[in-house]
Amino acid sequence: MLAPWTGGTGTRHASAVLTIDLEAISRNYRLLAERVGPGVTCAGVVKADAYGLGADRVAPTLYWAGCRTFFVAHLDEALDLQTHLPRDVAIYVLNGLPSGGERDCVEAGIVPVLNSREQLQAWSDQARQRGRILPAVVQVDSGMSRLGMSPREIADLAGNDTSVLDIQVVMSHLACADTPEHPANAHQLAAFQTLAKRFPGARKSFANSSGIFLGRNYHHDLVRPGAALYGLNPNPAQCNPMLPVVRLTAQVIQTREIEADAHVGYGWNFKATKPTRLATLAIGYADGLQRAFGNGGAVYFRGRRLAIAGRVSMDSLTVDLGDLPPGMLARGSQVEIIGGHQSLDALAATAGTIGYEMLTSLGQRYERIYSDEIDVRWTARSGGTVR
Ligand SMILES: *Cc1c(COP(=O)(O)O)cnc(C)c1O
């Protein structure tokens with residue numbers, strides 16, 4: 001179905017492996033589409049290179065799962081995305097119409113989200129110059145105060161302002177959707193429904209991943225999940241209904257035993273209270289494992305938890321092997337950072353961040369394996385220590 005990925009240059013000797021399960025992304029898409037039902041379009045949000053996972057691989061996967069509507073943040077992302085997708089898709093640019101970007105937008109057939117009066121004006125001017133009706137999405141601010149036209153701007157719109165535009169979708173974004181009991185949700189929903197009345201012919205779009213789980217009232221005509229497609233939990237108070245997508249392992253590059261009272265790492269932040277066996281892994285904050293993981297973070301090896309000892313360095317971190325039987329782990333062993341024992345959400349929480357930030361911070365030095373090649377490439381690897 002998809003051409004085999006031949007591997008990026010510069011990762012032939014990589015010692016950390018990021019595995020991305022495209023089949024799980026596809027199934028997550030279908031889970032969400034089924035959840036909203038046949039009357040509602042399920043889009044795919046692939047901004048920031050599909051949350052760091054590679055839009056060139058993720059977007060075609062979503063396409064084959066049935067997705068025909070894509071959202072990115074930047075016009076440049078949209079132009080790039082087009083080269084990876086068939087023509088029968090709609091691509092919307094969430095951050096809006098960049099000034100000077102009107103021509104590229106029209107010529108590439110990309111639809112801007114109009115977030116302000118100025119953007120609406122610029123897009124209408126473009127339509128008049130070309131003597132044609134141009135498609136658009138209008139974003140209204142229902143209470144997040146981030147992007148979109150304010151209720152006042154909407155009220156002040158004259159009929160003529162939008163006469164040369166085909167406003168396909170009116171959208172808004174939820175600020176607190178991951179906290180279902182938060183009063184902001186109902187408040188924003190009511191505001192959105194009122195503001196959307198100004199665009200009677202447009203389809204309505206309101207819910208991100210978490211919004212989908214707030215119930216039918218929040219779905220409207222078009223939902224915009226991102227995070228849930230990539231396996232993040234859309235409703236953190238409950239069990240994750242999505243399939244995990246990402247697995248991350250790092251290789252042990254050195255082991256040692258230190259005496260009681262010896263120190264580990266920058267700042268001598270860790271002090272051994274007894275003779276301690278350590279392993280150093282080839283992964284660090286330059287790979288997206290922030291320094292904050294040093295405080296209480298852990299990795300897993302054959303189901304056992306190994307606590308991070310001391311600070312995370314740029315290119316490595318050191319773990320305490322604790323009571324792991326001697327000989328079980330050696331140089332070359334692959335240790336689980338994200339996987340069956342530690343979800344992306346759980347890992348992010350240990351560093352006081354969220355899965356979104358974790359995903360989009362993952363570095364460029366990993367060997368990336370996509371699911372359609374997992375079997376081939378994992379069996380080809382020696383060791384096979386990841387379970
Ligand atoms: C990023 C984004 C989404 C997707 O949100 P998730 O929480 O990842 O599902 C949807 N809509 C807008 C406007 C966004 O910026």
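In listed order, ligands and their atoms are each counted from 1.
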Quick look: F71 vs ligand 1, heavy-atom contacts under 4.0 Å, and the answer is neither

With sequence neighbours left out, the residues meeting salt bridge (Lys or Arg N to Asp or Glu O under 4.0 Å) with D287 are R365

### Message
Can you confirm, on distance only, whether ligand 1 has an N/O atom lying under 3.5 Å from any N/O atom belonging to R146?
### Response
yes

Those residues at least two apart in sequence (or on a different chain) that pass salt bridge (Lys or Arg N to Asp or Glu O under 4.0 Å) with D88 are R68

Next on the checklist: Is there a polar contact, in the sense of an N or O pair closer than 3.5 Å, between L94 and ligand 1?
Outcome noted: no

The protein heavy atom nearest to atom 9 (O) of ligand 1 is S209 OG, 2.5 Å

Using non-hydrogen atoms of the residue, decide whether P225 is closer than 4.0 angstrom to ligand 1. yes

- Would you check the N or O atoms of Q139, main chain and side chain alike, for any that come under 3.5 Å of an N or O of ligand 1? no

| field | Any side-chain donor near an acceptor of the partner, R128 and S124, under 3.5 Å | value | no

- prompt: Can a donor-acceptor pair be found between the side chains of R224 and H173 at a distance below 3.5 Å?
  reply: yes

Margin query: Under 4.0 Å between a side-chain nitrogen and a carboxylate oxygen: does that hold for R130 and E102?
Written below: no

At under 4.0 Å between heavy atoms, what of M144 touches ligand 1? The answer is neither

With heavy atoms and a 4.0 Å threshold, my read on which part of H173 contacts ligand 1 is side chain

| query | For ligand 1, is Y230 a contact, meaning one of its heavy atoms is under 4.0 Å away? | reply | no

Review point. Mind checking whether M171 has an N or O less than 3.5 Å away from an N or O of ligand 1?
Key: no

